[in-house]
There are 2 protein chains.
Amino acid sequence: MASQDHSYLHKKVMPIGTVCELTGLSERQIRYYEERKLIFPQRTDKGNRKYSFSDVESLMEIANKMEDGIQTAEIRKELLKRKEKNSEESLRNTMIKGQLNAQFHKGSIR
Amino acid sequence: MASQDHSYLHKKVMPIGTVCELTGLSERQIRYYEERKLIFPQRTDKGNRKYSFSDVESLMEIANKMEDGIQTAEIRKELLKRKEKNSEESLRNTMIKGQLNAQFHKGSIR
DNA sequence: CGTGTAAGGAATTCTGACACG
DNA sequence: CGTGTAAGGAATTCTGACACG
């Protein structure tokens, strides 16, 4: 419930040109990382990509890893692991909340 | 020093089309409010406007006032007043800091 | 005053491909 | 594998103007 939603952080609002300036990457690179499933911009109804600030942050991490000679396939694996971890965490949190809720209704708390 | 800098909030990153979607205003309206000096987008080297999330917030305030029948000249005056207030406030803060600093160096504090 | 619109041009973005290594 | 580039088209944005009220 406080996991994210920094409201603006995840809003897809900027065109690829802005992302180039912010990250120092070329359009080619940015589109390629999307092709390799490392980032997921939104599309307008007519096909133009829109990115969020968190996409920009991701791209900067990716750029660093690429400089270290890590391949896109590797980077994708790391992302998947991170995703798993987050799911586990949120599952755990959900369960804890469930426990608390049960205690609350039993009257043990409050 | 903690006055703003929500980092992303003031970064000029989005094109006018995105702003239209976010605010529900037309390009014409957005450009007109700029002409009336209510908002100040950045320009790319080739003349394209770039807006920040705070610009979007301003525009939504402006839109509300326009609906209430307030004229752009009035709205601009309100903005100027707000600006004055902020300057006063930051001047006051600066002075307080100066006082504290003086006390500190005199050795009265610490 | 505030906003819609047609006009014409300039800048942006898109895709698929060829190239190099 | 990762990235540059030329190619051609489509979508976006820009300005100045005319219109209406």
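All chains are named by letter (A, B, ...) in the order of the sequence lines, taking the proteins before the strands, and each is independently numbered beginning at 1.
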Listed partners of A:E57 passing side-chain hydrogen bond (donor to acceptor under 3.5 Å, both in side chains), at least two apart = B:Y8

inquiry  = A:V19 vs A:M14, test: side-chain contact (heavy atoms from CB on, under 4.5 Å). Steps then yes/no.
reply    = CA-CA 7 Å; A:V19 179; A:M14 44 185 135; 4.1 Å; yes

remark   = For A:S52, the side-chain hydrogen bond (donor to acceptor under 3.5 Å, both in side chains) test, sequence neighbours excluded, returns A:S54, A:D55

ask   = Could you state the interatomic distance from CD1 (A:I39) to CD1 (A:I30), rounded to the nearest 0.5 Å?
value = 6.5 Å

key: side chain to side chain contact (heavy atoms under 4.5 Å, CB included) involving B:R49 - partner list, sequence neighbours excluded   = B:R31, B:E34, B:P41, B:R43, B:Y51

task = May I have the distance from A:E27 (atom CD) to D:dT5 (atom P), rounded to whole angstrom?
result = 12 Å

ask   = Separation of B:I30 atom CD1 from D:dT12 atom C1', in whole Å?
value = 14 Å

task = Assign A:T44 to base, sugar-phosphate, or nothing according to its heavy-atom contacts below 4.0 angstrom with the strands shown.
result = nothing

inquiry  = Are A:N48 and A:P15 packed together at the side-chain level, in the sense that at least one heavy-atom pair is separated by less than 4.5 angstrom?
reply    = no

request  = Give, ordered by number, those residues of residues 66-77 of chain B having at least one heavy-atom distance below 4.0 Å to an atom of DNA chain C; if nothing qualifies, reply none.
outcome  = B:M66, B:Q71, B:T72

task = With rounding to the nearest 0.5 Å, note down the distance linking CD1 in A:I16 to CD in A:Q29.
result = 10.5 Å

ask   = Dot-bracket for DNA chain C: what is it, with Watson-Crick or G-U pairs under 3.5 Å, [ ] where a pair crosses earlier ones, and | for a pair to another strand?
value = .||||.||.|.|.||.||||.

Partner set under side-chain hydrogen bond (donor to acceptor under 3.5 Å, both in side chains) for A:K11, not counting sequence neighbours = none

ask   = Which ones in residues 31-41 of chain B lie close to DNA chain C, meaning a heavy atom under 4.0 Å from one of its atoms?
value = B:Y32, B:Y33, B:R36

key: side-chain hydrogen bond (donor to acceptor under 3.5 Å, both in side chains) partners for A:T44, two or more places apart   = none

request  = Calculate, to the nearest 0.5 Å, the distance between atoms NZ and CZ belonging to B:K12 and B:F53 respectively.
outcome  = 12.5 Å

inquiry  = Within the structure provided, determine whether A:V13 and A:K50 are in side-chain contact (heavy-atom separation under 4.5 Å).
reply    = no

Name the pairs: protein N/O against N/O of nucleotides 16-19 of chain C, kept only if under 3.5 Å.
none

ask   = Taking the side chain as C-beta and beyond, is there a heavy-atom pair between B:T23 and B:I62 under 4.5 Å?
value = no

query = When the distance from CD1 of A:I62 to C1' of D:dT3 is rounded to whole Å, what number comes out?
reply = 15 Å

Can I get a per-line list of side-chain donor-acceptor pairs under 3.5 Å for residues 63-75 of chain B, giving both atom names and the distance, sequence neighbours left out?
| unit_1 | atom_1 | unit_2 | atom_2 | d |
| --- | --- | --- | --- | --- |
| B:N64 | ND2 | B:M60 | O | 3.3 |
| B:K65 | NZ | B:E78 | OE1 | 2.8 |
| B:T72 | OG1 | B:R36 | NH1 | 2.8 |

key: DNA chain D contacts made by residues 14-25 of chain B, counting heavy atoms under 4.0 Å   = B:P15, B:I16, B:G17

query = Quick one, which residues of residues 45-59 of chain B touch DNA chain D with a heavy atom under 4.0 Å?
reply = B:G47, B:N48, B:R49

